[in-house]
Protein chains: 2
Amino acid sequence: MRIGELARRTGVSVRSLRYYEEQGLLTSTRSASGQRHYTEDKVDRVAFIQRLYAAGLPSRTIIELLPCVDAPSEGNSDAAMEHMERERDRLTGHIAELVRTRDALDGLIATGRAYQQRLRSGASV
Amino acid sequence: MRIGELARRTGVSVRSLRYYEEQGLLTSTRSASGQRHYTEDKVDRVAFIQRLYAAGLPSRTIIELLPCVDAPSEGNSDAAMEHMERERDRLTGHIAELVRTRDALDGLIATGRAYQQRLRSGASV
DNA sequence: CTAAAACCTGACATTGATGTGAGGGGCAAG
DNA sequence: CTTGCCCCTCACATCAATGTCAGGTTTTAG
């Protein structure tokens, strides 16, 4: 498929797809005229890249990890393994923090709802 | 306390504290000579701001939410409540995504470990 | 064949949080 | 008084991902 279709199917902008390629995260074959062509599996890869981005991994890190995805257990250096574990732990900590923040938001929301409830039931300010 | 101490105690750079103030997220009293002075409770506020930032809320959003923190249930407009609920939901979705990503990383790590195990036990490539 | 739609490269713009540096006060200790 | 450290403002730099525009080629549909 060409870049437009990949963009449509992944919800990622054409610009970003070219950027991923520039960063070495995504590969494509080129037609004689220079147009990029992608295989079906690139859809999943783009989705995965997006998730890593969303997880806050910088592309530098993603570049290190992708070989492990491409060739699971082929040349996974100890360094790469350690890097993955570090990122996993970082992510775990980050998740915990987000959960705390969400709980704080929930608390605020509950307080606010209770107040609105009181208002509606006729209490004056 | 002055800005340097607040920075030290929160682990946030002096630059960032001034930026928070510029964004209306943090207040300070000024001494005659113009130096910022903070009360003890600002330590917690800065920590909270940092967590909201870490949760990916842009300062625009944080500005909307902070009044609800400052005066719980006082003038919480419906709009602010809705905004908080939206952010809470967004956060929930984001957390779920991060968990998925972490699980994917875990999978890669497990695969890699198994491979290294095989290597160590004498299998050749 | 032609027009529209999609693609190409390259470059500059943007956003948000933060770094950094210049140039200048404020204040305590020696 | 001077040295050193902390503070002030202003302004420009940075980083990463993405947007956007320009000028040009390719593909597709009619």
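All figures in this text were calculated on a predicted structure; none of them were measured in a lab. Side chains are part of it too, since the values below use all heavy atoms of this structure and drop only hydrogens, waters and symmetry mates. Numbered from 1 within each chain, the chains take letters A, B, ... in sequence-line order.
Contacts between residues 2-10 of chain B and DNA chain D, defined by a heavy-atom separation under 4.0 Å, are made by B:Arg2, B:Ile3, B:Gly4.
For the pair A:His37 and A:Arg2, the minimum side-chain heavy-atom distance is below 4.5 Å. Side-chain contact between A:Met1 and A:Glu40 is present, with at least one heavy-atom pair separated by less than 4.5 Å. A:Leu57 places a side-chain heavy atom less than 4.5 Å from the side chain of A:Arg90. Side-chain atoms of B:Leu66 and B:Phe48, non-hydrogen and from C-beta on, do get closer than 4.5 Å to each other. Inter-residue side-chain proximity for B:Leu26 and B:Tyr38 is flagged as met; some heavy-atom pair is nearer than 4.5 Å.
Remark on the helix from C:dC1-D:dG30 to C:dG30-D:dC1: inter-end axis angle 10°, axes from five-pair C1' superpositions, rounded to 10°.
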Before you tell me yes or no, could you show the steps for A:Arg88 and A:Glu82 under salt bridge (charged side-chain N to carboxylate O under 4.0 Å, His left out), namely the whole-Å CA-CA distance, both residues' side-chain angles and the distance that decides it to 0.1 Å? CA-CA 10 Å; A:Arg88 193 260 324 268; A:Glu82 277 169 31; over 6 Å; no
With salt bridge (charged side-chain N to carboxylate O under 4.0 Å, His left out) as the criterion, how do B:Arg9 and B:Glu5 come out once you've worked through the C-alpha distance, each side chain's angles and the decisive distance to 0.1 Å? CA-CA 6 Å; B:Arg9 287 176 59 181; B:Glu5 187 179 343; 3.5 Å; yes
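Taking atom CZ of A:Arg60 as the reference point, atom P of D:dA17 lies 11 Å away to the nearest angstrom. The separation between B:Tyr38 atom OH and D:dC6 atom C1' is 13 Å, rounded to whole Å. Atom CZ of A:Arg15 is separated from atom C1' of D:dC21 by 12 Å (rounded to the nearest Å). With rounding to whole Å, B:Glu22 atom CD is found 11 Å from D:dT9 atom C1'.
Mapping heavy-atom proximity under 4.0 Å, the span of DNA chain C touched by chain A runs 5' to 3' from C:dC7 to C:dA11.
Nucleic acid contact class of B:Arg36 (heavy atoms, under 4.0 Å, all strands): sugar-phosphate only. Nucleic acid contact class of B:Ser31 (heavy atoms, under 4.0 Å, all strands): none. Backbone-only contact: B:Arg30 has heavy atoms under 4.0 Å from sugar-phosphate atoms and none from a base.
Residues B:Arg30 and B:Glu21 are paired through a salt bridge, judged by an N-O separation under 4.0 Å between the basic side chain and the carboxylate.
Of the candidates B:Ile62, B:Thr27, B:Val12, B:Val12 is the only one forming a side-chain contact (heavy atoms from CB on, under 4.5 Å) with B:Tyr20. The only option from B:Leu52, B:Leu65, B:Ile49 that meets the side-chain contact (heavy atoms from CB on, under 4.5 Å) definition with B:Leu25 turns out to be B:Ile49. Under the side-chain contact (heavy atoms from CB on, under 4.5 Å) rule, A:Met84 has a single partner from A:Arg86, A:Met81, A:Glu87, which is A:Met81.
OP1 or OP2 of D:dT18 has not a single side-chain nitrogen or oxygen of A:Tyr19 nearer than 4.0 Å. Using a 4.0 Å cut-off, some side-chain N or O of B:Arg18 falls inside it from OP1 or OP2 of D:dC8. Listed pair A:Ser33 / D:dT27 meets the phosphate criterion, a side-chain N or O lying under 4.0 Å from OP1 or OP2.
Mapping A:Gln23 and A:Gln35 onto DNA chain D via the closest heavy atom, the residue that lands nearer the 5' end is A:Gln23.
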